[in-house]
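For reference, the structure is listed below as structure tokens.
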Amino acid sequence: QIGPVAIHWYGLTYLAAFAMFLLLGTLRLRQPPFAGIQGAGAWTRRDVEDILFLGVMGVILGGRIGYCLFYKPGFYISHPLDIFKVWQGGMSFHGGLLGVILAFSWFAWSRHKPWLQVADFVAPCVPPGLAAGRIGNFINGELWGRFADPSLPWAMVFPQSGSLMPRHPSQLYEALLEGVVLLVIMLVLSRKRPPRPQGTFIGTFLACYGVFRFLIEFVRLPDAQLGYLLGTDWLTMGQCLSVPLVVIGIIVIATAQRLDRPQVGHLG
């Protein structure tokens with residue numbers, strides 16, 4: 001709190017995420033295949049800045065709308081003005097992902113660049129931002145995990161949960177898998193020369209994120225207003241939304257390998 005101005009951890013982690021995207025995007029401009037693209041299809045620092053701006057809009061709008069539609073539709077239908085109260089919290093990764101996809105689809109169309117080339121440029125720059133967001137969840141003491149065995153060395157108590165029983169720090173699990181591990185996978189893929197076919201990076205990102213999120217949901221407590229779905233004691237909305245990502249990611253990877261299109265080139 002600085003006078004009347006309140007600084008939220010979420011705001012700081014979002015700022016860190018956008019800064020890391022700008023840094024990684026700028027570094028990616030210097031690497032093949034993007035460093036070798038010439039003419040009308042060439043990539044510039046301005047492109048990175050424009051993608052970031054559009055991505056910020058996509059994350060905020062898509063994340064908020066997705067949360068309202070996926071997790072609390074009844075409440076927001078009855079209280080539509082509360083949709084705009086973003087300071088009260090409530091963001092959905094899957095909604096944010098859809099927003100980002102729409103954002104860089106507009107970018108690809110307006111700059112006459114192949115959609116998959118743009119998607120492959122963006123995908124490796126995203127994991128650090130996901131890690132930052134999950135760390136923000138951890139600091140805020142939200143989205144905690146299920147009860148854990150007290151003997152688990154890293155089990156933690158989250159007083160905000162209303163219980164002093166030890167729980168899984170599922171936010172840190174997500175930061176590790178969706179952030180660090182996914183970034184390492186992206187870096188390993190990027191080391192191959194010649195570069196992998198168009199679609200490899202975005203397909204891998206979608207499939208890996210979907211798998212990681214699906215697995216973590218087994219130890220993450222579902223949203224209270226939804227609980228577990230279909231009468232089970234394990235199926236969550238997060239898992240239902242992650243399965244399509246895995247399927248789409250695998251299809252994109254398989255199609256990329258079959259078509260074997262190079263990363264260079266632009267649409268006329």
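Values below: every heavy atom of this structure, side chains too, minus hydrogens, waters and symmetry copies.
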Worked verdict on Y76 versus R64 for side-chain contact (heavy atoms from CB on, under 4.5 Å): CA-CA 11 Å; Y76 287 106; R64 183 59 175 173; 3.4 Å; yes
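- Here the OG-CD1 distance, from S92 to I65, works out to 11.0 Å after rounding to the nearest 0.5 Å.
- A donor-acceptor pair under 3.5 Å is formed between the side chain of S105 and the backbone N or O of I101.
- Within 6.0 Å of atom CZ in F53, 12 or fewer heavy atoms from other residues, nucleotides or ligands are found, so the atom counts as exposed in its surroundings.
- Taking the six-membered ring wherever Trp is involved, the centroid distance between the rings of F93 and Y209 falls below 6.0 Å.
- To the nearest 0.5 Å, atom CZ of residue R146 and atom NE2 of residue H168 are 8.5 Å apart.
- Although no hydrogens or angles enter the test, the distance criterion places no donor-acceptor pair under 3.5 Å between the side chain of T204 and the main chain of F201.
- Counting heavy atoms from C-beta outward, R111 and V118 have side chains that stay 4.5 Å or more apart.
- Between C240 and L229, the closest heavy-atom pair is SG-CD1, 3.8 Å.
- Taking a cutoff of 4.0 Å between a charged side-chain nitrogen and a carboxylate oxygen, R46 and E49 do not qualify as a salt bridge.
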request  = Show the numbers, then the answer: is there a side-chain contact (heavy atoms from CB on, under 4.5 Å) between L98 and L102?
outcome  = CA-CA 6 Å; L98 291 175; L102 290 175; 5.6 Å; no
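- No close placement of the Y228 and W234 rings is indicated, their centers lying 6.0 Å or farther apart.
- Residues Q160 and N140 fail the side-chain proximity criterion, which asks for heavy atoms closer than 4.5 Å.
- M156 and I216 are members of different hydrophobic clusters when ILVMFWY side chains are connected at heavy-atom separations under 4.5 Å.
- Closest approach of G210 to S242, counting heavy atoms only: O-CB, 3.6 Å.
- Within the 4.5 Å cutoff, the side chain of L116 has heavy atoms near those of the I202 side chain.
- The main-chain N or O of T44 is found under 3.5 Å from a side-chain atom of D47 such that the two form a donor-acceptor pair.
- Looking at L52 and F18, their side chains come closer than 4.5 Å, going by heavy atoms from C-beta outward.
- A donor-acceptor pair shorter than 3.5 Å cannot be found between the side chains of S170 and W144.
- The 12-atom threshold is not exceeded at CZ of R261, counting heavy atoms of other residues, nucleotides or ligands nearer than 6.0 Å.
- A heavy-atom distance below 4.5 Å is not found between the side chains of E142 and Q171.
- For the side-chain contact (heavy atoms from CB on, under 4.5 Å) criterion with K113, the lone passing option out of F104, F121, W43 is W43.
- The cluster map of Ile, Leu, Val, Met, Phe, Trp and Tyr, joined by side-chain heavy atoms under 4.5 Å apart, puts F21 and L54 in the same cluster.
- Contact of the L177 side chain with the L182 side chain is not registered, since no non-hydrogen atoms from C-beta on lie closer than 4.5 Å.
- The distance from atom OH of Y71 to atom CE of M237, rounded to the nearest 0.5 Å, is 7.0 Å.
- At a threshold of 4.5 Å between side-chain heavy atoms, the hydrophobic network of Ile, Leu, Val, Met, Phe, Trp and Tyr places L130 and M20 in two separate groups.
- To the nearest 0.5 Å, atom CG of residue N137 and atom CG of residue L143 are 4.5 Å apart.
- Grouping the Ile, Leu, Val, Met, Phe, Trp and Tyr side chains by contacts below 4.5 angstrom, directly or via other members, places L221 apart from F70.
- Residues I139 and L172 fall into different hydrophobic clusters, defined by Ile, Leu, Val, Met, Phe, Trp and Tyr side chains chained together at heavy-atom separations under 4.5 Å.
- Of all heavy-atom pairs spanning R134 and E178, the tightest one is NE-OE1, 3.4 Å.
- P169 and F138 make their closest contact through CB-CE1, 4.5 Å (heavy atoms, listed as atom of the first residue, atom of the second, distance).
- Side chains of L241 and L245 form no contact here, defined as non-hydrogen atoms less than 4.5 Å apart.
- Here the side chains of I248 and V252 are in contact, with some heavy-atom distance below 4.5 Å.
- The minimum heavy-atom distance linking A175 with A131 is given by the pair O-CB, 3.8 Å.
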Could you go through F107 and W115, starting from their C-alpha distance and side-chain angles, then the distance that decides it, and tell me whether this counts as side-chain contact (heavy atoms from CB on, under 4.5 Å)?
CA-CA 9 Å; F107 174 86; W115 188 91; over 6 Å; no
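- Using modelled atom types, one finds no donor on one side chain facing an acceptor on the other under 3.5 Å when comparing W9 with Y14.
- Atom CD1 of I51 is separated from atom CG of L22 by 11.0 Å, given to the nearest 0.5 angstrom.
- Looking only at distances, no side-chain donor or acceptor of R45 sits under 3.5 Å from a matching main-chain atom of T26.
- Smallest separation of non-hydrogen atoms from V211 and V246: N-CG2, 3.5 Å.
- Side chain of R196 to main chain of S190: no donor-acceptor pair is present (N/O by atom type, distance under 3.5 Å, no hydrogens or angles).
- The cationic group of R167 does not satisfy the cation-pi geometry with F158, failing either the under 6.0 Å distance to the six-membered ring centre or the 45° limit from the ring axis.
- Atom CD of Q239 sits about 4.0 Å away from atom CZ of F214, to the nearest 0.5 Å.
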